[in-house]
Amino acid sequence: MTKNTADETKKTYTKQGAAEGTAREGAQVMGTVLVTSGTGKTGRRVAERLAALGVPVRAGSRAGEVPFDWQDESGWAAALDGTEAAYVAYYPDLAVPGAAGAMAAFGRVAAASGLRRVVLLSGRGEPQAAVAEEALRGACGEVELTVVRSAFFAQNFSEGALLDSVLGGELVFPAGSTAEPFLDIDDLADVVVAALTGDGHAGAVYELTGPRSLTFEEAAEELGRAAGRPVRYVPVSAPAYAEVLEGFGVSGPEAGFLAELFATLLDGHNSASTDDVKRVLGREAKEFTAFTREAARGGAWHG
């Protein structure tokens with residue numbers, strides 16, 4: 001991260017509410033934080049914010065300076081050695097088979113290492129993810145655990161799996177006419193940092209959403225306006241979407257899992273928004289329209 005990036009991150013972060021002021025005070029005495037999946041969409045943002053606050057960061061990844069691979073438990077103890085807290089973002093998703101076992105194993109290693117605090121990224125309304133949460137909670141002993149359950153990321157349209165669909169003008173997805181309160185990942189990262197560096201979050205389960213629910217058709221219209229190109233939403237069934245994913249090179253089993261997961265999450269039970277971002281940060285969550293404008297200014301859809 002460049003000095004300019006760190007300065008901008010710090011400037012943005014320090015403009016936020018009283019709750020974040022408390023986080024800054026806590027960060028002054030904070031030890032090293034391990035950020036798992038440290039080069040991913042959420043991990044990168046969390047690491048940048050912690051560094052801007054002067055918190056020592058250890059960014060773990062499969063090919064980085066700090067080796068950390070969810071498929072190889074042998075390196076976890078070394079990555080955790082000497083750390084005080086950890087941000088846990090399991091890849092590919094807490095709902096996949098084997099995630100609960102990995103969380104139980106990580107919890108045992110975390111407890112043995114003397115870790116004080118863990119913030120876990122989870123999926124909102126995912127029953128299997130909740131099983132993985134409980135596995136971690138049951139294994140980590142006295143470690144303080146905060147769970148952050150996230151709605152569908154807004155950035156999936158600008159730097160994730162749906163970027164090519166937006167660029168191509170056709171958003172194919174198994175969401176029907178269901179509305180979703182899309183969450184800006186920057187809000188997620190701010191909440192994670194507040195929970196890592198501040199007090200009062202131990203045992204909490206936060207459900208993070210944007211302030212307004214939109215259907216994918218409405219989201220496509222807003223994306224098109226911001227990108228300056230028509231974007232049309234095409235609803236499909238889960239099996240049809242699995243075929244689309246396979247066409248992009250995703251293996252059959254993984255494509256089927258992802259398609260069914262999206263269809264399950266977008267069946268309407270997650271449509272309501274929450275005020276948990278405001279509860280933690282003292283400010284409103286970012287509007288989807290604001291996200292699209294910022295992404296457009298940043299060149300997300302110039303491809």
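Along the sequence shown, residues carry numbers from 1.
- Between Leu115 and Thr83 the shortest side-chain heavy-atom distance falls below 4.5 Å.
- The shortest non-hydrogen separation linking Val35 to Gly43 is CG1-O, 3.5 Å.
- Follow the hydrophobic side-chain contacts under 4.5 Å out from Leu265 and you never reach Val131; the two are in separate clusters.
- Residues Val205 and Val143 are members of one and the same hydrophobic cluster, defined by side-chain heavy-atom contacts under 4.5 angstrom among Ile, Leu, Val, Met, Phe, Trp and Tyr.
- Gly31 approaches Val55 most closely through the heavy-atom pair O-CG1, 3.7 Å.
- Contact record, Ala151 with Glu180: CB-OE2, 3.4 Å, taken as the closest heavy-atom pair.
- Residue Asp276 holds its CG atom at 12.0 Å from CG of Asp187, rounded to the nearest 0.5 Å.
- Residues Pro211 and Glu287 form a side-chain contact, since some pair of their non-hydrogen atoms from C-beta on lies under 4.5 Å apart.
- The existence of a salt bridge linking Asp190 and Lys286 is excluded, since no basic side-chain nitrogen approaches an acidic carboxylate oxygen closer than 4.0 Å.
- Taking the side chain as every heavy atom from C-beta outward, Leu188 and Leu183 approach each other to under 4.5 Å.
- Looking at heavy atoms from C-beta onward, Thr197 lies in side-chain contact with Leu50 at the 4.5 angstrom threshold.
- The two residues Arg229 and Trp301 make their nearest non-hydrogen contact at NH2-O, 2.6 Å.
- To the nearest 0.5 Å, atom CG of residue Asp275 and atom OG1 of residue Thr209 are 8.5 Å apart.
- For the pair Ala296 and Ala226, the tightest heavy-atom approach, listed with the atom from each and the gap, is CB-O, 3.3 Å.
- Rounding to the nearest 0.5 angstrom, the gap separating the CG atom in Leu121 from the NZ atom in Lys41 is 10.5 Å.
- No more than 12 heavy atoms of other residues, nucleotides or ligands shown are found within 6.0 angstrom of CD on Glu217.
- By the 4.0 Å N-to-carboxylate-O rule, Arg137 lies close enough to Glu134 to be salt-bridged with it.
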Let me check something: any side-chain donor-acceptor pairs from residues 86-110 under 3.5 Å, sequence neighbours excluded? List them with distances.
residue, atom, partner, partner atom, Å
Tyr87, OH, Thr42, OG1, 2.8
Asp93, OD1, Ala95, N, 2.8

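- By the ring-ring contact (aromatic ring centres under 6.0 Å, His included) test, Phe152 is found to be paired with Phe173, Phe182, Phe216, residues two or more places apart in sequence or in another chain being considered.
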Given side chain to side chain donor-acceptor pair (under 3.5 Å), test Thr289 with Arg212 step by step and report yes or no. CA-CA 10 Å; Thr289 302; Arg212 177 170 61 105; 3.2 Å; yes

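- Side-chain contact between Val147 and Leu145 is present, with at least one heavy-atom pair separated by less than 4.5 Å.
- With salt bridges taken as basic N to acidic carboxylate O contacts below 4.0 Å, one links Arg149 and Glu133.
- To the nearest 0.5 Å, atoms CG (Asn270) and CZ (Arg124) are separated by 5.0 Å.
- In terms of modelled atom types and a separation under 3.5 Å, the side chain of Ser37 and the main chain of Gly40 share no donor-acceptor contact.
- In this structure, Trp70 and Phe68 have perpendicular ring planes: the angle between them is above 60°, well past the 30° mark.
- When atom types are taken as modelled, the side chain of Ser271 and the backbone of Ala179 share a donor-acceptor pair closer than 3.5 angstrom.
- Note: Leu266 CG to Thr215 OG1 = 11.5 Å, rounded to the nearest 0.5 Å.
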Could you check Arg45 against Gln155 for side chain to side chain contact (heavy atoms under 4.5 Å, CB included), going step by step and ending with a plain yes or no? CA-CA 12 Å; Arg45 287 171 166 85; Gln155 275 79 1; 3.8 Å; yes

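- To the nearest 0.5 angstrom, Leu53 atom CG is 12.0 Å from Glu48 atom CD.
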Could you walk me through whether Leu120 and Thr146 satisfy the side chain to side chain contact (heavy atoms under 4.5 Å, CB included) test, starting with their C-alpha distance in whole Å, then the side-chain angles of each, then the deciding distance to 0.1 Å, before giving a yes or no? CA-CA 6 Å; Leu120 171 67; Thr146 304; over 6 Å; no

Please lay out, stage by stage, how Thr274 and Glu207 fare under the test side chain to side chain donor-acceptor pair (under 3.5 Å). CA-CA 7 Å; Thr274 74; Glu207 294 208 359; over 6 Å; no

Under the side chain to side chain contact (heavy atoms under 4.5 Å, CB included) criterion, do Glu65 and Arg58 qualify, and how do the steps go? CA-CA 9 Å; Glu65 292 184 10; Arg58 190 175 294 173; over 6 Å; no

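- Contact of the Glu246 side chain with the Val250 side chain is not registered, since no non-hydrogen atoms from C-beta on lie closer than 4.5 Å.
- For His201 (side chain) and Leu196 (main-chain N/O), no donor-acceptor pair under 3.5 Å exists by modelled atom type.
- Nearest heavy-atom pair, Val172 versus Tyr241, reported as atom, atom and distance to 0.1 Å: O-CE1, 3.3 Å.
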Side chain to side chain contact (heavy atoms under 4.5 Å, CB included) for Asp186 and Arg49? Distances and angles first, verdict last. CA-CA 10 Å; Asp186 288 331; Arg49 283 159 170 75; 3.3 Å; yes

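- Within the 4.5 Å cutoff, side-chain heavy atoms of Leu214 are placed close to those of Glu222.
- Taking the side chain as every heavy atom from C-beta outward, Arg283 and Lys278 never approach each other to under 4.5 Å.
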